[in-house]
Amino acid sequence: MCATPLLIMKNISKSFPGVKALEGVDFTLQSGEIHCLMGENGAGKSTLIKLLTGVYRISEGEMLLSGKPIHPRSPLDAQNMSISTVYQEVNLLPNQSVAENICIGRVPRKFGLLDRKSMIRKAKEILEWMNIDIDVTQPVSNYSLAIQQMVSIARALDIKSKILILDEPTSSLDTEEVEQLFKLMRKLKDEGMGIIFITHFLDQVYEISEKITVLRNGKLVGEYTTENLPRLKLISKMIGKEFTSEHVKKEFRNTDSNPVLINMEKGSVANKIEEYDIKIRKGEVYGLAGLLGSGRTELARSLFGLDRLTTGELWINDEPHKGIRPIEAIRNGMGFCPEDRKEEAIIPDLSISENLVLALQSRKGVFNKIKESEIKEIVNHYIDALSIKATGPEQKISTLSGGNQQKVILARWLAVNPSLLILDEPTRGIDIGAKSEVMQMIKVLSKKEISILFISSELEEVTAVSDRIAILKDRRIIGEQKGNSVTERNILNKIAEVPTL
Amino acid sequence: MSEINTFRPAGLGYRIFNINKTYLPMITTIIVFLIMYSFACLSHPMFFSLRVFVNFLISNSFMGIIAMGMTFVIISGGIDLSVGSMVGFISIFSAYLITNLEIHPLSAILICLLFGAAFGYFQGFLIDRFGFAPFICTLAGLFFLRGSAYVVSLESIAINHPTVDAITAFAIPLSQKISLPFTALVYLIVFLIMLILAGFSTFGRNVYAIGDNENSAILMGIPVSSTKRKIYMLSGICSSLGGIVYALYTFSGYALAGSGLELDVIAAVVIGGTMLTGGIGFPVGTFVGVLIMGVIQTFITFQGNLSSWWTKIMIGSLLFVFILLQNIFSKTAHK
């Protein structure tokens, strides 16, 4: 006899206008179980969670909580059904006391007035049960992020939850803090709570969970018992490839003898990227490989000075640049094409030509205006050279296709004649034709002595263009490969390796 | 298994004095008040008397009443610029009701309070429903009310009514010569109500939550919309009450009354340690903030050789210092 599962989500589908976000996904959670939900970007993890917490409504399928069908209509509604969520971002009131944060909305009353004493007692009781002893009258922002997470959980517990959803709660915690959280999760599990745990740290998955459900492209890949699913298998299930055959390798370029352009020694940014060393040589394509959340973007940002370094020193052409800032990086020949093109790169209401000369103008300074005729020449040159499809230089950039927008951004940096171009996911959201054009361009540029730092979540792309790669995992560089050994298999093996402590 | 993990808070205040850092701005205010008051007492021994202290309460009572409502608005992260004009409008309107329309003063007071509540609620409704910036929305209210005041009457209207005389004559004797008149009494009662409202009512705690982080407040299931409307309604009630007290105190209504008062009120609230960024502030702080402004005014009067404009200079400097302190506090809040 098998007990009724705590939660059954059966044949769940969710469509948004034009997109099918989830298709026929099943998910089962037993009580007293920690169940990991895994998948790369766009796999449908967050959609599934949002359906469960009532942020979205399901298009098809049914949800059963302890055998009874439920239709949560809002997060509050879901809470009342004893489904609680703790988000990655701590959603608390920073200047109010811990007790208040745990109890607000449910404070006991006495003579029509709030009974603060019993509120404090209640908060203390819950925290005591969680083995945490803190001064609950202090504002929540006085405590570390880990404690704030715990307070969020304490609030969730107070609603007498049966299901606790932890949506990437560990991404801003350090090792010790993660340990505290895990201790608590085990305790809750022993009490019979069902926990859905979302994380992109593989080691954490293997440390804490019993079950793994993998999603990919909105579809269910399968449900597995953690101990029966080797890491390598899990990764290939997440990215949807069994690596049996290897692609024919491109020509091997030895760049070891090229002079070093960028040399970062012991660079790190607190809570973003652990200490790393990196050397990028002139005319080299340097790839960063790793899963989502492994610290690829964070590393690139720290090189460009977008996030201030906590430790480390950056050498550009053998000159030291301590605490580099973006403006300094640009003056020293760096260019950065960010991951989020819409938010961080294009200025949608400006024309192609205005967008294109932006970096050039900022390098020259505000008072040194570039002549109209010169702008025209530059813009026409790049529209031709990169075959940007547009009605003319005055077309608004927001009306271009993703691929063409990306080309304009590339041209923006090419116009300043950079020595290092950082391309963070340059192929995301553009069609296949444009993708191969971008890849082609990278190869051409590297022959022109421009170094490129290439980031992509598509391992295929990284291995296809890179002369050298760094493999990242859990915000740390765990290996470097060059030349012929830059292969998808090598990367995956490295990521799947169990860390030796 | 059951080991207990103890954690110490990391805030500045806790490290040094073992106190809650959200009290720090208010404590600073109290210290500043004590320093200023002792300084004034040392330079003018007459300062240290019950009479002067009661005078602080009387001469700043309507400002204090309004500041109490403003405290809630600012704690919620908003601002209400319409309060000064509300005083002008209510003062002329109440005088018009009593003198020209011969309505009984008590009914007139009730009508005025209802008007203040309705007007405030309407402003809150616009801010909440359409997402108007409180600054602009209440700025519109400022012009609208000031204009309406002149529509009621260009000339000032005198109030002459036995009931009004009876109300204004009411006082609680404190000693043989000094007594607490009705203006100060109203102020103290409003202050008490606000103390309870801020600390021990669901509404009050929700106001803090909204000001601290509106998004979190929504996710925590706090009724953000209705609370916002009530906040501005409360401010409307306080400012109309301020207008009534002003009219009764001066026995007249005057359309120009309370010009620029909104700025003095905001200054008093900020000096009282309420953070403009929302989430932190206490009625006690505002009470002391109003006292500080009273001390400055009285001191300059006592000094005799200083022009009254020095009050403004002093308040300006104090404001500057407090904003600077707030900046430091909010930085340590984020470590």
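Sequence lines set the chain letters: A, B, ... in the order given, protein chains first and strands last, and positions in each chain run from 1.
The closest donor-acceptor contact from the side chain of Gln96(A) to the backbone of Gly279(B) lies under 3.5 Å.
Ranked by heavy-atom pairs under 4.5 Å with chain B, the first of Val98(A), Asn101(A), Thr85(A), Leu113(A) is Leu113(A).
Heavy atoms of Ser201(B) lying under 4.5 Å from chain A belong exclusively to its backbone. Contacts of Asp115(A) with chain B are absent, with no heavy-atom separation under 4.5 Å from either backbone or side chain.
Results of the side-chain contact (heavy atoms from CB on, under 4.5 Å) test with Pro139(A) over Asp212(B), Ile280(B), Thr22(B) single out Thr22(B) as the only residue that passes.
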| Stepwise side-chain contact (heavy atoms from CB on, under 4.5 Å) test for Leu92(A) and Asn213(B) | CA-CA 7 Å; Leu92(A) 293 173; Asn213(B) 187 335; over 6 Å; no

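Residue-level contacts of residues 116-125 of chain A with chain B, in order of numbering, are Arg116(A); threshold 4.5 Å between heavy atoms.
Other residues, nucleotides and ligands contribute only 12 or fewer heavy atoms inside 6.0 Å of the CZ atom of Arg129(B). By the 6.0 Å contact criterion, OH on Tyr206(A) is enclosed, its count of non-hydrogen atoms from other residues, nucleotides or ligands being greater than 12. No more than 12 heavy atoms of other residues, nucleotides or ligands shown are found within 6.0 angstrom of CZ on Arg325(A).
Closest non-hydrogen pair, Ile104(A) versus Arg205(B), comes out as CD1-O, 3.8 Å. Nearest approach of Ser216(B) to Leu93(A), heavy atoms of both residues: CB-CD2, 4.1 Å.
Between Leu114(A) atom CG and Thr202(B) atom OG1 the span is 4.5 Å, to the nearest 0.5 Å.
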